[in-house]
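Worksheet: one structure, shown below.
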Amino acid sequence: MKNFKISTLLGKIFIVIMAIITLFPFVYMVLSSLMSFTEATSIPPTMFPEKPLFSNYAEAMTKAPFARYFINTIFTAVSTTVLILITSVLSAFALVQLNFKGKNVVTMIMAAMLMVPYEITVFTNFQTIAKLGLLDTYWALIIPHVASIFYIFYLKGYLTSIPSSYYKAAKVDGCSNFEFITRILVPMTKPALFTMGILNFISGWNSFLWPILVTNSKNMRLISNGLSAFTSESGTAVHLQMAASTITILPILILYLVFRKQIMRGVGQSGIKG
């Protein structure tokens, strides 16, 4: 019993230490955003600002068209999230409920594609977008992200646990595949779809590499790309960059805090059912 209490105590201490290590960069970013340039670049580093400078946030917003960046980011993140939910539902349904020639081959090819590094597909996607003449457009930011093999398999694992009798009964009643998906399948998979939507929105919000490659004008850049506006040949305005980074992260942090229970429920149910 004593050994059990000791191991439990050590486990809690370990969790606390890991939590501190994980949260420290975010906390220091917020503190740095309230420092002067001298404090933010001092060696050894200053941990707390002598006088919080909330004016850094207003000044940071004038360095680049962040209002435009926010609009672009919200539009592309929402668009890709909606489209990826649609393609994932349709694909997962086909892999689970439909029987067609070459189904196992298609599944194996999709599983193999999961092992292909993202950096390899970036250049192929860029060449495709360039040949289609879509560079520096919203289409270039959205089209390559309308489907995800990872989310298809994630949802497939969730759908596998749903008895096939639901589908058979629906077909007996004269229900089409589309009606089954919209009226039965989607309501039953809401937790998984909600988790997929939140995670994909966060991924779209934080997208950095792809927007840099396919956009040339500032009006088409996303919020994460705007952080480069604080870097020049004379150096980096670290305190303003930290202020902009804080503003960029806050919407996602709020979104997670509001929907954290639904996210954890969706991940947990998928893990059990898959």
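Sequential numbering from 1 along the given sequence is applied to the chain's residues.
Enclosure of atom CD in E179 by more than 12 non-hydrogen atoms of other residues, nucleotides or ligands within 6.0 angstrom is indicated. By the 6.0 Å contact criterion, CZ on F14 is open, its count of non-hydrogen atoms from other residues, nucleotides or ligands being 12 or less. Remark: F178 CZ is loosely packed, at most 12 non-hydrogen atoms of other residues, nucleotides or ligands lying under 6.0 Å away. Surrounding CE of M113 are at most 12 heavy atoms belonging to other residues, nucleotides or ligands under 6.0 Å away. Heavy atoms from other residues, nucleotides or ligands lying under 6.0 Å from OH of Y166 number 12 at most. By the neighbour-count criterion of 12 heavy atoms within 6.0 Å, atom NZ of K218 is sparsely surrounded, having that number or fewer from other residues, nucleotides or ligands.
S42 is linked by a side chain to side chain donor-acceptor pair (under 3.5 Å) to T46, counting only residues two or more places apart in sequence or in another chain.
Taking the six-membered ring for Trp, Y69 and F66 have ring centres closer than 6.0 Å.
Note that CE of M196 is 3.5 Å distant from OG of S88, once rounded to the nearest 0.5 Å. Between the CD1 atom in I152 and the CE atom in M110 there is a gap of 4.0 Å [rounded to 0.5 Å]. Note: N219 CG to D136 CG = 8.5 Å, rounded to the nearest 0.5 Å. Note that CE of M220 and CZ of R68 are 6.5 Å apart. Values are rounded to the nearest 0.5 Å.
Considering L222, T76, I74 in turn, I74 is the only one that fulfils the side chain to side chain contact (heavy atoms under 4.5 Å, CB included) rule with W205.
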Under 3.5 Å, sequence neighbours excluded: what are the donor-acceptor pairs made by side chains of residues 142-150?
from, atom 1, to, atom 2, distance (Å)
H145, ND1, L141, O, 3.3
S148, OG, F150, N, 3.4
S148, OG, Y151, N, 3.3

If you look only at distance, which donor and acceptor atoms sit under 3.5 Å apart when one is on a side chain in residues 187-194 and the other is two or more places apart or in another chain?
from, atom 1, to, atom 2, distance (Å)
T189, OG1, L185, O, 2.9
T189, OG1, V186, O, 3.3

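At a cut-off of 3.5 Å, with distance as the only test, no side-chain donor of S224 or N206 sits close to an acceptor on the other residue.
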